[in-house]
Amino acid sequence: MDAFAAVADPVRRRIVLLLATGGPRTAGTLAAAFPEISRPAVSRHLRVLREAGLVAAETAGRERHYRADPGPLREIDRWLAAVRGQAWEQRLDALDTEVHRARRDRRTAAEPTDTPKRSAG
């Protein structure tokens, strides 16, 4: 399963987020964060995430400690960058044009006029 399919499920996205922000956890600790679903269901989600490479498991005694592996998320980052790239590039070009126009208008407004000044006298 690829990273896109793995993170399509909101429970799996939350598991990845918990592991990425909270560090390694056991399946039991992760299951406690999801009281609405069974422990076997959490284990199945962890298996999907492991198969996609988003989660790695290390055995410590009788327990497995799961940790996030952000490597496969780079594929999603690249896809998002490609999708957003065109729109953002156009917006930034428009912003650049407006900044240059505003600077030009300010310079024009600040330039002295060619009318001679009257002398007080």
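In this chain, residues are counted from 1 in sequence order.
Across all non-hydrogen atoms, the minimal contact from His65 to Ala60 is CD2-CB, 3.5 Å. Ala52 approaches Pro72 most closely through the heavy-atom pair O-CG, 3.6 Å.
When the salt bridge (Lys or Arg N to Asp or Glu O under 4.0 Å) test is applied to Arg101, the partners found at least two apart in sequence or on another chain are Glu98. By the ring-ring contact (aromatic ring centres under 6.0 Å, His included) test, Phe4 pairs with Trp79, sequence neighbours left out. Partners of Glu63 by salt bridge (Lys or Arg N to Asp or Glu O under 4.0 Å), not counting sequence neighbours: none found. Applying the salt bridge (Lys or Arg N to Asp or Glu O under 4.0 Å) criterion to Arg39, with sequence neighbours excluded, gives no partner residue. Partners of Arg67 according to the salt bridge (Lys or Arg N to Asp or Glu O under 4.0 Å) rule, which considers only residues two or more places apart in sequence or in another chain, are Glu58.
Leu80 and Val16 fall within a single hydrophobic cluster, where Ile, Leu, Val, Met, Phe, Trp and Tyr are joined by side-chain heavy atoms under 4.5 Å apart, directly or via other members. Note on Ile37 and Leu18: same hydrophobic cluster, where clusters join Ile, Leu, Val, Met, Phe, Trp and Tyr whose side-chain heavy atoms are under 4.5 Å apart, directly or indirectly.
The main-chain N or O of Ala33 is found under 3.5 Å from a side-chain atom of Arg14 such that the two form a donor-acceptor pair. Of the possible polar contacts, one joining the Thr21 side chain to the Leu17 backbone as a donor-acceptor pair under 3.5 Å is found.
Residue pairs satisfying the salt bridge (charged side-chain N to carboxylate O under 4.0 Å, His left out) criterion with at least one member in residues 42-52, sequence neighbours excluded, are listed as follows: Arg47-Glu51.
Residues Arg78 and Arg74 have side chains in contact (heavy-atom distance under 4.5 Å, counting atoms from C-beta outward). Under the 4.5 Å side-chain criterion, counting only non-hydrogen atoms from C-beta, Leu19 is in contact with Leu30. Counting heavy atoms from C-beta on, the side chains of Arg64 and Thr26 never come closer than 4.5 Å. Within the 4.5 Å cutoff, the side chain of Ile15 has heavy atoms near those of the Phe34 side chain. Side-chain contact between Leu49 and Leu54 is present, with at least one heavy-atom pair separated by less than 4.5 Å.
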Should Val7 and Arg13 be marked as a side chain to side chain contact (heavy atoms under 4.5 Å, CB included) after you check the CA-CA gap, both sets of side-chain angles, and the distance that decides it? CA-CA 5 Å; Val7 296; Arg13 286 194 305 267; 3.8 Å; yes
